[in-house]
2 protein chains.
Amino acid sequence: MPKIVDHEARRMRLVEAVWSLAVRGGLEQVSLRKVAEEAGVSMGQVQHYYSSMQALIRDALDRAVQAVNATIENAVTAAGTTSPEVVLRAGLYALISPAEESTRLMRFALTAVGRAVSDPTTAKVLAPGDDELLTLTAGLIAAAREERGSVPRGEERTDADICWSLATSLGLDIALGYRTPEAAERVLDHHIEQVLR
Amino acid sequence: MPKIVDHEARRMRLVEAVWSLAVRGGLEQVSLRKVAEEAGVSMGQVQHYYSSMQALIRDALDRAVQAVNATIENAVTAAGTTSPEVVLRAGLYALISPAEESTRLMRFALTAVGRAVSDPTTAKVLAPGDDELLTLTAGLIAAAREERGSVPRGEERTDADICWSLATSLGLDIALGYRTPEAAERVLDHHIEQVLR
DNA sequence: GGTTTTACAATGCGATCGCATGGCAAAAGT
DNA sequence: ACTTTTGCCATGCGATCGCATTGTAAAACC
């Protein structure tokens, strides 16, 4: 067998290049040559690791979405077994984090959203939280309400749905420069306060 | 002077072609030749009315945003001077309307969102509701609360902000096929109910 | 130590792109 | 009638695109 290289590292390097190029000038600025140059490798290497441009971009998107999900899970895990309200806030805040890498991933996701309009595969990758996340969040909301002594009012699933929609929307606003993370946090805080009231 | 033609009609025809092409295959599928073919005219005509591809797409985006705003204003105007809650609902519902043209415009806007990441001009066009809209909406919320006899709690501006964020988010979900208009309406109804409670 | 397999690198091809250019028909002004 | 202006068409150019092809150096296997 030939040279032993770290395939994962190679791919990650190329995906990073795609992220940078796309954030800098949109997905349309991502080409085999540009990616190769940005990553400091030859065009041949890009072709060696990805059978097509589509495959490269798809992998870049997959990894971006997975990275965002990972930050949410990490935030929730870090919150540990404190009060449900703290866990709830931790998860939602992950989407409006001022961390530069977080914003970068959101920005890249935004450059790919356009494709979701005509490409069902892309749409599936970018789809909002699944049932499992919604169920978990609904449980957190119910528990947090109980903890606060609020009147339970059912419909926690819809409340959870709205929370994630709002947090995502705020995160995208941050990525587009429409809001600062601080302003977004104030809005999100206010909403959580209303929900748990 | 030469042939008299309806410039506005010509431009609108080209913009329509851009919308169709972009919704069908993303903004990257929009080219001078394709637009000309889609509109059933020559490439020269496209060049005659738009000095560059950028100008054409910018006009298409401007008109799309203006069209969406128009549907909101029309909905509000149509609601007339009934109760503030009805007016509020009318405006918000406009963003999740099941009307085909409405979804089409949202879809096109989505194909352009990616550009906003790296193009401040596009970002400005796609920016969320301005202060005026927010102030107006906040007034409607306050009035609707009073009408219902709810306790006033200030912060109506933030409530208005959240309402528009949620409605927009739901509208985009519909455009991407993540939700049906009916499901989105249920979510929005629930939120309005919570806000006015 | 030769063979094979892997990991690239370099180059070329056909298609498509935005845009510039030049020409031409029609109609308003003189 | 003739000039001028406008609306539009057709064509060509240089750049860039994704991808196929071919070549090559290195390392595991026999």
Side-chain angles (χ1 to χ4, degrees), chain A residues 1-62 111-112 114-115 118-119 121-122, chain B residues 1-62 111-112 114-115 118-119 121-122:
Chain A
M1 298 286 218
K3 237 189 311 194
I4 294 178
V5 297
D6 188 339
H7 291 204
E8 176 60 21
R10 290 274 197 275
R11 282 185 219 268
M12 199 58 216
R13 193 177 167 79
L14 297 177
V15 164
E16 275 280 349
V18 170
W19 289 351
S20 295
L21 285 170
V23 166
R24 199 179 308 147
L27 255 199
E28 63 193 0
Q29 287 301 318
V30 178
S31 71
L32 288 182
R33 292 159 231 269
K34 299 253 192 75
V35 169
E37 190 189 2
E38 179 78 17
V41 302
S42 76
M43 223 181 89
Q45 184 172 140
V46 183
Q47 284 187 282
H48 183 70
Y49 285 97
Y50 293 98
S51 60
S52 72
M53 196 64 222
Q54 208 188 70
L56 170 56
I57 290 183
R58 174 136 56 199
D59 193 39
L61 183 57
D62 282 342
T111 69
R115 304 219 157 180
S118 54
D119 175 18
T121 307
T122 302
Chain B
M1 295 289 215
K3 236 187 314 192
I4 293 177
V5 297
D6 188 341
H7 292 203
E8 176 60 20
R10 291 274 197 275
R11 281 184 219 269
M12 199 58 217
R13 192 179 167 83
L14 297 177
V15 165
E16 275 280 350
V18 170
W19 289 350
S20 295
L21 285 170
V23 166
R24 198 180 308 146
L27 255 199
E28 64 194 0
Q29 287 301 318
V30 178
S31 71
L32 289 182
R33 292 160 230 270
K34 299 255 192 75
V35 170
E37 191 188 3
E38 180 78 15
V41 302
S42 77
M43 223 181 89
Q45 183 170 140
V46 183
Q47 284 186 280
H48 183 71
Y49 285 97
Y50 293 98
S51 59
S52 71
M53 195 65 222
Q54 209 187 70
L56 170 55
I57 290 183
R58 175 137 53 199
D59 193 39
L61 183 57
D62 282 341
T111 69
R115 304 220 157 178
S118 54
D119 175 18
T121 307
T122 303

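Please read these numbers as outputs of a predicted model, since none were measured by experiment. Residue numbering restarts at 1 for every chain, and letters A, B, ... go by the order of the sequence lines.
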Original post:
Considering only heavy atoms and no angle criterion, is a donor-acceptor pair shorter than 3.5 Å present between the side chain of Gln45(A) and the base of dA7(C)?
Top reply: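 No.
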Starting at atom [atom1] of [X], determine the distance to atom [atom2] of [N], rounded to an integer number of angstrom.
X        : N       : atom1 : atom2 : value
Arg58(B) : dG18(C) : CZ    : P     : 16 Å
Leu32(A) : dC19(D) : CG    : C1'   : 8 Å
Gln54(A) : dC17(D) : CD    : P     : 18 Å
Leu56(B) : dC17(C) : CG    : C1'   : 15 Å
Asp6(A)  : dA7(C)  : CG    : P     : 11 Å
Leu21(A) : dC17(D) : CG    : P     : 11 Å
His48(A) : dG23(D) : NE2   : C1'   : 15 Å
Met43(B) : dC8(D)  : CE    : C1'   : 13 Å

Original post:
If you look at every strand shown and take non-hydrogen atoms under 4.0 Å, does Tyr49(B) touch a base, only sugar-phosphate, or nothing?
Top reply: sugar-phosphate
Original post:
Heavy atoms under 4.0 Å, any strand shown: does Val30(A) hit a base, just sugar-phosphate, or nothing?
Top reply: sugar-phosphate
[X], nearest nucleotide to its side chain (from [options]):
X        : options                  : value
Gln47(A) : dA10(C), dG18(C), dA7(C) : dA10(C)
Ser42(A) : dG12(D), dC9(D), dC8(C)  : dC8(C)
Arg33(A) : dC17(C), dC17(D), dC8(C) : dC17(D)
Met53(A) : dC19(D), dA10(D), dG7(D) : dC19(D)

Distance (rounded to the nearest 0.5 Å) between [X] [atom1] and [Y] [atom2]:
X        : Y        : atom1 : atom2 : value
Met43(B) : Lys34(B) : CE    : NZ    : 13.0 Å
Trp19(B) : Met12(B) : CH2   : CE    : 3.5 Å
Glu28(A) : Leu21(A) : CD    : CG    : 12.0 Å
Tyr50(A) : Leu14(A) : OH    : CG    : 6.0 Å

Original post:
Which residue lies toward the 5' end of DNA chain D, Lys34(A) or Arg10(B), if each is placed at its nearest nucleotide?
Top reply: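 Between the two, 5'-proximity favours Arg10(B).
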Subject >> With Arg11(A) via salt bridge (Lys or Arg N to Asp or Glu O under 4.0 Å) - residues at least two apart >> reply: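 Not a single residue meets the salt bridge (Lys or Arg N to Asp or Glu O under 4.0 Å) criterion with Arg11(A).
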Original post:
Do any side-chain nitrogens or oxygens of His7(B) fall under 4.0 Å of OP1 or OP2 in dT6(D)?
Top reply: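 Result: no.
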